[in-house]
Amino acid sequence: MQRDKEAKYDHLSIEKKWRERWEGRGDYHIDLDNTRKPFYNLMMFPYPSAEGLHVGNVYAFTGSDIYGRFMKIKGYDVFEPIGFDAFGMHSENFALKKGMHPAELVPKNIANFRDNQLKMIGAMFDWPRQVDTTDPRYYKWTQWLFVQLFKYGLAYQDVAAVNWCPSCQTVLASEQVISGECERCKTEVTQKKMLQWFFRITRYAERLHKNLEWIDWSEITKSAQQNWIGRSEGAEIDFELAGMDDKLRVFTTRPDTVFGVTYMVLAPEHPIVDRITSSSQRPEVEKYLRETKAKTEQERIDEAGKKTGVFTGGYAVNPATGTLIPVWVADYVLIGYGTGAIMAVPAHDERDFEFAKTFDLPIVEVISPDGSSHQMAEAYTGEGVMVNSGEFNGINSREAIGVITRWFENHRKGTGKINYRLHDWCLSRQRYWGPPIPVIHCEKCGAQAVPEKDLPVLLPEMKDFRPDGSGKSPLNRNSEFVETTCPVCGGPAKRETDVMDNFLDSAWYFFRYPSTEFNDRPFDSERTGKWLPVDMYIGGNEHAVLHLLYTRFITMALKDMGFIEFEEPFKKFRAHGLIIKDGAKMSKSRGNVVNPDTFIKEYGADCFRTYLMFLGPYTQGGDFQDKGIMGVRRFYDRIFRLASDSPAHGEPEDKRFLALLHKTIRDVTGHIENLEYNTAIAFLMEFLNGLAKQNVIHKSSVEILVRLIAPFAPHLSEELWEMLGHTGSVFNSGWPVWDETKIVADTFQLVAQVNGKIRAAIEAPVGISKEDALALVESNENVTRFIEGKSVLKKIYVPGKLVNIVVQ
RNA sequence: GCCGGGAUGGCGGAACUGGUAGACGCACAAGACUUAAAAUCUUGGGAGCCCUCGGCUUGUACGGGUUCGAUUCCCGUUCCCGGCACCA
């Protein structure tokens, strides 16, 4: 054959052809009501940034799409929707920077994302069902969701210390503060006491924690949620205050150490500080409170370890010993956790120990590792035997936790208690670009939910949408929006002007996808019953305690309110890894950003997809190296040549080749199922290498290869499938099946070891007996060299694998 | 500090329930084709040593252990990534 006449893999025309054909035929817009094997394949929808699609997006979507296409070719009715998470500060801040209006910018970004980029990556998106969170037809239902939660008592307004981002000029949820900084702009967050809207996610803390035991999610994600929820078991104990009627309640995980309580500490913000402070101590206490208040979060973190505090002048009574103990105020106790007050056990808590050393407070050992008493040079936090603990002496401290808790319960001085680190979800934002909170404030009737018939509360068009730092949304400056009437009494009232956290938009979007055509309900119950929970969800782990926690909460709430019958939204969730470039994180400043468009144009989407997946295990990410993509391109070039070279009819007979063929089907199947795409691709390459070496290349073998690469290279496989004479889509051809019996070869490499060291590998028939195997090995020259003149202690035979001769 | 994940050639990475470490690919080298180059095809390789077919020694972050045999299991250590963190 003449080289220059050879058929050429022209990815540009092939990919265009199949994009158009899929769209024209509506291959991926499935009839949701007429399916036998529904499979909901979900990927985290993107926010349409002006910079365009990031390679990280492509990586995420491709991995998910490969799974979806694999299920499709296996015969499932795969629903693979996509949408745009377009509300929120990211879009708004960008619009501000560009001097544009988000209402004008966002549709442009979406169009660019969709038409120039997302449509090019070869995913089987069901476009007619796309969702845009800024569309009133969508956010009407986001507001509806708020109203339901409000009516159910899960949404409330309260004055609380909240996280304030001075740059974004809004409050944030604690999940959106990453080590003291705003998740969006990295500005240091400050604490402010403000009236805000919250969702009572803490009511679900135990369920959110408990279900982690059984949900099929990536371990890394579950562990992050576990840490975030921060469940800890212990007890709450009441301490009487000398000369006061009040009791001081504390939370502790170590009730077994109560005999060792030698003082107590209040958080500076604790309400009782004012009353307990004696007049002589008052100036000092007030000075300390002023100083702590002035400290930033960062200073407090930096100082962690150094203990500061002052004595209030007040005393409490140790409920176990009856002795008077001083009450201090110190900022190592946090108002936001437990009761904001602690019982201090310096002998058995490192922080209390340090504090006691600093201020010369008594240290009493009550848990001894060996039962004898010690000079305490540091806190002992392990378990041991109770000492100096009255009637409890001699008990193991771990046991004592339960015993003492019960003792307190019997004396009505305390109770077993589980504490969570999780806080309620602060939902309100003092910004413009979000769905308005659907609430009307009436002086007479209080805060009222906007009646459902009046939804959506449209986000008014405002030329000046700049946040003003007043603690209220820019909507507050729009009197036309603000002034309204009370839905209960009809009197004059004001609208709530804060908008909702855009994480609420994304907390329920997967409910909407299967029901996009219903405008009278957020989601149809029949559709939902058929399609949810989501079968497979893939996304980045940066949302482990944001989006992924909120979706679980919202799903549980929807169940409790009777809208749905399941409480976990995703049957399976897998976090994909991160993709880096030449060993380093991608960043604009480093100039090592991979532009997907360039690679898709140059090598084709199929190549790009496959290469991204070939970089490393999908759940762990990979290192992108520009040259590496050529390997994948060569792989597809070779397949293309093979298929266009009119392969022979008939079936291959070579047993070795058949073994390779069936093994490839088996291994590729298994590895795709586990999202180990890199190894699946390696097996495909190995198979091609084997196939190309055959004297006769059979069409049937090429067809199997084409079907196996289909999830990775959808356009190319369709083209090749057609070239091989088929009319329908390769995705309707079924996934190849393997025959286990064909994988077994006639012979194998019998490894011969002496004392565990390999001395030879001998071709031996499968099923060789132990005696024959030993004989074979012992007749090997290189083996005899090592056993000659030595006494044989043992002969080990592992069938089908090796013989090991142990000598001395 | 606690929790989770990880460390394997020049590089990205393979290795099932402990059984030939380095599959597959990149880069590299040699050869074939070519006037030449590109493309393509073939071959080669962890390191060190004897260097002759071939063989020996050594090698999966480090130090021990269990085992006939350890990248894999156990104990200890270092470093990297992610989560939580003065959370009582």
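Every chain is numbered from 1, with letters handed out A, B, ... down the list of sequences.
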Open item on the list: Using a 4.0 Å heavy-atom cut-off, does Ile758(A) contact any base of the nucleic acid, only the sugar-phosphate backbone, or nothing at all?
Closed with: sugar-phosphate
Open item on the list: Need the pair for A7(B). Rule: Watson-Crick or G-U wobble, both distances under 3.5 Å, any strand; none if unpaired.
Closed with: U78(B)
Open item on the list: Suppose we define a pair by two distances each less than 3.5 Å, Watson-Crick or G-U wobble; what does G44(B) pair with here?
Closed with: C28(B)
Task: Closest nucleotide among C84(B), U40(B), C11(B) to the Asn227(A) side chain - done: C84(B)
TODO: Can you figure out which of C16(B), A88(B), G12(B) approaches the side chain of Thr253(A) most closely?
DONE: A88(B)
TODO: Measure from the side-chain heavy atoms of Lys794(A) and tell me the nearest of G19(B), C68(B), A14(B).
DONE: C68(B)
Task: Between G22(B) and G10(B) - P atom distance, rounded Å - done: 16 Å
Open item on the list: Within the 4.0 Å heavy-atom criterion, would you say Ile796(A) contacts the bases, only the backbone, or no part of the nucleic acid?
Closed with: base
Task: Evaluation steps, side-chain contact (heavy atoms from CB on, under 4.5 Å), between Lys801(A) and Phe748(A) - done: CA-CA 8 Å; Lys801(A) 291 243 160 73; Phe748(A) 71 101; 5.8 Å; no
- [ ] Specify the separation, in whole Å, of atom CH2 of Trp217(A) and atom C1' of G4(B).
- [x] 16 Å
- [ ] Could you check whether Ala682(A) gets within reach of a base, just the sugar-phosphate, or nothing at all, counting any heavy atom under 4.0 Å?
- [x] base
Task: Glycosidic class, syn or anti, of G9(B) using a 90° window around 0 - done: syn
Open item on the list: Heavy atoms from C-beta onward define the side chain here; which of C3(B), G12(B), A88(B) lies closest to that of Phe614(A)?
Closed with: G12(B)
- [ ] Take atom CZ of Arg759(A) and atom P of G19(B), then tell me their distance rounded to the nearest Å.
- [x] 20 Å
Task: Distance, rounded to the nearest Å, where Ile805(A) contributes CD1 and G69(B) contributes P - done: 15 Å
- [ ] Any strand is fair game: report the nucleotide pairing with G1(B) by Watson-Crick or G-U wobble, both distances under 3.5 Å, or none.
- [x] C84(B)
Task: Euclidean distance for P, G6(B) against C74(B) (whole angstrom) - done: 13 Å
TODO: May I ask you to check whether Phe640(A) and Tyr636(A) place their ring centres under 6.0 Å from each other?
DONE: no
Task: Touch class at under 4.0 angstrom, heavy-atom based, for Phe786(A) against every strand present - done: sugar-phosphate
Open item on the list: Could you tell me if Arg421(A) sits above the aromatic ring of Trp228(A), with its cationic atom closer than 6.0 Å to the ring centre and no more than 45 degrees from the axis?
Closed with: yes
- [ ] Specify the separation, in whole Å, of atom CG of Asn804(A) and atom P of A70(B).
- [x] 10 Å
Open item on the list: Using the C1' atom as the point on both nucleotides, what is the distance between G59(B) and G48(B), in whole Å?
Closed with: 10 Å
Open item on the list: What's the gap between A27(B) and U78(B) when it is taken at their P atoms, as a whole Å value?
Closed with: 40 Å
Task: Side chain of Asp349(A) - closest among A88(B), G12(B), C16(B) - done: A88(B)
TODO: Assess Arg759(A) against Phe786(A): is NZ or CZ under 6.0 Å from the centre of the six-membered ring, and within 45 degrees of the ring's axis?
DONE: yes
- [ ] Measure from the side-chain heavy atoms of Thr679(A) and tell me the nearest of A15(B), G13(B), C24(B).
- [x] A15(B)
- [ ] Classify the nucleic acid contact of Asp582(A) as base, sugar-phosphate or nothing, counting any heavy atom under 4.0 Å across all strands shown.
- [x] nothing
Task: Side chains of Tyr797(A) and Asn804(A), donor plus acceptor under 3.5 Å - done: no
Open item on the list: Is it the case that the base of G12(B) and the side chain of Asp623(A) share a donor-acceptor contact (distance under 3.5 Å, atom types as modelled)?
Closed with: no
- [ ] Classify the side chain of Gln225(A) versus the base of G83(B) as yes if they form a donor-acceptor pair under 3.5 Å and no if they do not.
- [x] no
TODO: Quick one: label Lys795(A) by what it contacts on the DNA or RNA (base, sugar-phosphate, nothing), any heavy atom closer than 4.0 Å.
DONE: nothing
Task: Pi-cation contact, Tyr9(A) with Arg633(A) (under 6.0 Å, within 45°) - done: yes
Open item on the list: Would you measure the distance from the P atom in A38(B) across to the matching atom in G45(B) and give it in whole Å?
Closed with: 24 Å
- [ ] Check the distance between C87(B)'s C1' and Arg231(A)'s CZ and give it to me in whole angstrom.
- [x] 15 Å
TODO: Measure from NZ or CZ of Lys581(A) to the centre of the six-membered ring of Phe624(A), then state whether that distance is under 6.0 Å and the direction lies within 45° of the axis.
DONE: no
Task: Given G82(B), A88(B), A15(B), the nucleotide with the shortest approach to the side chain of Thr252(A) - done: A88(B)
Open item on the list: Can you identify which nucleotide, out of U57(B), C3(B), A88(B), has its nearest atom closest to the Lys757(A) side chain?
Closed with: U57(B)
- [ ] Rounded to whole angstrom, note down the P distance from C62(B) over to C11(B).
- [x] 15 Å
Open item on the list: Using atom P in both nucleotides, what's the gap between U40(B) and G25(B) to the nearest angstrom?
Closed with: 13 Å
Open item on the list: Quick check on C26(B): is either OP1 or OP2 less than 4.0 Å from any side-chain nitrogen or oxygen of Arg634(A)?
Closed with: yes
TODO: Going by the ring pair (Phe, Tyr, Trp, His ring centres under 6.0 Å) test, name the single residue among Tyr611(A), Phe614(A), Tyr618(A) that passes it with Tyr677(A).
DONE: Tyr618(A)
Task: Shortest side-chain distance from Asn678(A), nucleotide among C24(B), A27(B), A14(B) - done: A14(B)
- [ ] Measure the distance from CD on Glu781(A) to P on G55(B) and round it to the nearest whole Å.
- [x] 10 Å
TODO: Would you mind reading off the distance between Met613(A) atom CE and A14(B) atom P, rounded to a whole angstrom?
DONE: 14 Å
- [ ] State which of G4(B), C84(B), C86(B) makes the closest approach to the side chain of Ile220(A).
- [x] G4(B)
- [ ] Assign Gln749(A) to base, sugar-phosphate, or nothing according to its heavy-atom contacts below 4.0 angstrom with the strands shown.
- [x] base
Open item on the list: Assess, by modelled atom type and distance only, whether the side chains of Arg231(A) and Gln226(A) contain a donor and an acceptor separated by less than 3.5 Å.
Closed with: no
Open item on the list: Applying a 4.0 Å non-hydrogen cut-off, can you work out what Asp637(A) is touching in the nucleic acid: base, sugar-phosphate, or nothing?
Closed with: nothing
TODO: Could you measure between the two C1' atoms, the one in A21(B) and the one in A36(B), and give it in whole Å?
DONE: 43 Å
Open item on the list: Let me spell it out: for each of Asn541(A) and Met685(A), pick the nucleotide of RNA chain B with the closest heavy atom. Which residue's pick is nearer the 5' end?
Closed with: Met685(A)
TODO: Report the residue (His671(A) or Ile178(A)) whose heavy-atom-nearest nucleotide on RNA chain B is the more 5′ of the two.
DONE: His671(A)
Task: Short side-chain N/O contact from Ser223(A) to OP1 or OP2 of G82(B), under 4.0 Å - done: no
Task: Nearest-Å distance for atom pair CG/C1', residues Leu422(A) and G83(B) - done: 15 Å
